[in-house]
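Keep in mind that what you see is a predicted model, and the values were worked out from it rather than measured. The sequence lines fix the lettering, A, B, ..., with proteins before strands; numbering per chain opens at 1.
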Number of protein chains: 2
Amino acid sequence: METKEQKNIAECPVAYALNLIGGKWHFQIIWALYKKPVQRYNELKRRVDGITNMMLSQSLKELEQYGLVTRIQYPEIPPRVEYSLTEEGRALTPIISELARWGVKQMAARKDS
Amino acid sequence: METKEQKNIAECPVAYALNLIGGKWHFQIIWALYKKPVQRYNELKRRVDGITNMMLSQSLKELEQYGLVTRIQYPEIPPRVEYSLTEEGRALTPIISELARWGVKQMAARKDS
DNA sequence: CAGGATCCACAGCGATACTG
DNA sequence: CAGTATCGCTGTGGATCCTG
């Protein structure tokens, strides 16, 4: 894996950031966890429209690895797992918010193509 | 192309925004044009490290279509083409800046893996 | 100088089915 | 309930060469 891509990720903070959270669902998951700070797996799945089990669990695992999401598993039957944002994850929400605001403007500005 | 994806893009402003500028080079191009507001093609190419002709011209075309970048072509020999950001493109730069700041923190926070 | 065309590789994403 | 495994597509990005 010694492509130029790696160099970009190493040198450009934006590329680095997007490498962490540029996935298709990451933003939406973070956003969902922002709107409701503690959620269980299936709850999250219901809120993030259209996501599959695979993408959700995979994304959550990545976000947890990156230190953006906290996973707490309770040793009960039936199993209960709660997800929430870390400080670093929460630090991202204003940015998402701004991006959303920008997106809304764009959508309005060019309803046509 | 009637996938659920389209629904996301239509409904979620963030997904919409990322669909516009989530490409691999878009951010970097916008950033380069922010740092030096008017640039010619080859100048831009030199500044965006590692980009190929294909990706640069393709990205610029997209950004122009979306109304984020202005392209001015001078009918001279040799050809001269200058690129700059529109208002809407410039509106994005604070967001990129924040994202960069966040990225820097992340890089520092987890130098290890 | 400023691009376009072609071909190709690969990773991201997805559907479905299965497990502790 | 909270996930995993497998398999395959498809779209994005890349190298290289060509043109007005």
Trainee: Using whole Å, report how far CD of A:Glu62 lies from P of D:dT4.
Mentor: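 About 12 Å, once rounded to whole Å.
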Trainee: Considering only heavy atoms from C-beta outward, does the side chain of A:Leu99 approach that of B:Leu99 to under 4.5 Å?
Mentor: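 Heavy-atom side-chain distance check fails, nothing below 4.5 Å.
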Trainee: Check whether any side-chain N or O of B:His26 sits under 3.5 Å from a backbone N or O of B:Leu20 as a donor-acceptor pair, and report yes or no.
Mentor: yes
Trainee: Flag the pair A:Gln106 / B:Leu68 as yes when at least one side-chain heavy-atom distance between them is below 4.5 Å, and no otherwise.
Mentor: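 Result yes, sub-4.5 Å side-chain heavy-atom pair found.
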Trainee: Could you state whether B:Met54 and B:Ile29 fall into the same hydrophobic cluster, counting links through intermediate Ile, Leu, Val, Met, Phe, Trp or Tyr residues with side-chain heavy atoms under 4.5 angstrom apart?
Mentor: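 The answer is no; the residues belong to distinct hydrophobic clusters.
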Trainee: Does D:dG3 have OP1 or OP2 under 4.0 Å away from a side-chain N or O of A:Lys45?
Mentor: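 No, no such contact exists.
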Trainee: Of all of residues 34-43 of chain B, which get a heavy atom below 4.0 angstrom from DNA chain C, listed by number?
Mentor: B:Arg40, B:Tyr41, B:Asn42
Trainee: Any base atoms under 4.0 Å from A:Tyr83, or only sugar-phosphate, or nothing? Heavy atoms, all strands.
Mentor: sugar-phosphate
Trainee: Taking only Lys NZ, Arg NE, NH1 and NH2, and the carboxylate oxygens of Asp or Glu, determine whether A:Glu43 and A:Arg46 approach each other closer than 4.0 Å.
Mentor: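 No salt bridge links A:Glu43 with A:Arg46.
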Trainee: Which part of the nucleic acid does A:Ser57 contact within heavy-atom distance under 4.0 Å: base, sugar-phosphate only, or nothing?
Mentor: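 Touches a base.
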Trainee: Distance-only, no hydrogens or angles: does the B:Tyr74 side chain make a donor-acceptor pair with backbone N or O of B:Glu82 under 3.5 Å?
Mentor: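 Not at all, since once roles are kept as given, no pair shorter than 3.5 Å links the two residues.
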Trainee: More 5' along DNA chain C: B:Asn53 or A:Pro79, using each one's nearest nucleotide?
Mentor: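 So the residue in question is B:Asn53.
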Trainee: Whole-Å distance between D:dT12 C1' and B:His26 NE2?
Mentor: 11 Å
Trainee: Separation of A:Ile72 atom CD1 from D:dA2 atom C1', in whole Å?
Mentor: 16 Å
Trainee: So, does B:Trp102 use its side chain to make a donor-acceptor pair with the main chain of A:Glu88 at under 3.5 Å?
Mentor: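 Here the side-chain-to-backbone pair exists.
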Trainee: Give a yes/no on whether any side-chain N or O of B:Trp25 is located under 4.0 angstrom from OP1 or OP2 of D:dT12.
Mentor: no
Trainee: CD1 of B:Ile29 versus P of C:dA2: gap in Å, rounded?
Mentor: 15 Å
Trainee: Closer than 4.0 angstrom, basic N to acidic O: yes or no for B:Arg101 and B:Glu98?
Mentor: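 Here B:Arg101 does not pair with B:Glu98 in a salt bridge, since their nearest N and O are not under 4.0 Å apart.
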Trainee: Roughly, in whole Å, what's the span from CD1 in B:Ile51 to P in C:dA2?
Mentor: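 Whole-Å distance recorded here is 14 Å.
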Trainee: Please lay out, stage by stage, how B:Phe27 and A:Leu18 fare under the test side chain to side chain contact (heavy atoms under 4.5 Å, CB included).
Mentor: CA-CA 10 Å; B:Phe27 277 98; A:Leu18 287 182; 3.4 Å; yes
Trainee: Mind checking whether B:Leu85 and B:Leu63 have side chains closer than 4.5 Å, heavy atoms only?
Mentor: no
Trainee: Does D:dT4 have its OP1 or OP2 closer than 4.0 Å to a side-chain nitrogen or oxygen of A:Lys61?
Mentor: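 Checking D:dT4 against A:Lys61, a side-chain N or O does come within under 4.0 Å of OP1 or OP2.
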Trainee: Rounded off to whole Å, could you give me the CZ-to-P distance for the B:Arg46 and C:dG3 pair?
Mentor: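 About 14 Å, once rounded to whole Å.
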Trainee: Nearest whole Å is fine: how far is C:dA5 C1' from B:Met55 CE?
Mentor: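 Rounded to whole Å, this separation is 15 Å.
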Trainee: Give a yes/no on whether any side-chain N or O of A:Lys24 is located under 4.0 angstrom from OP1 or OP2 of C:dG14.
Mentor: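 Indeed, a polar side-chain atom of A:Lys24 lies that close.
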Trainee: For nucleotides 6-9 of chain C, list the nitrogen or oxygen atoms of the protein found under 3.5 Å from its nitrogen or oxygen atoms, one pair per line.
Mentor:
none

Trainee: In whole angstrom, what separates B:Leu63's CG from C:dG3's P?
Mentor: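 Spelled out: CG on B:Leu63 to P on C:dG3 is 13 Å.
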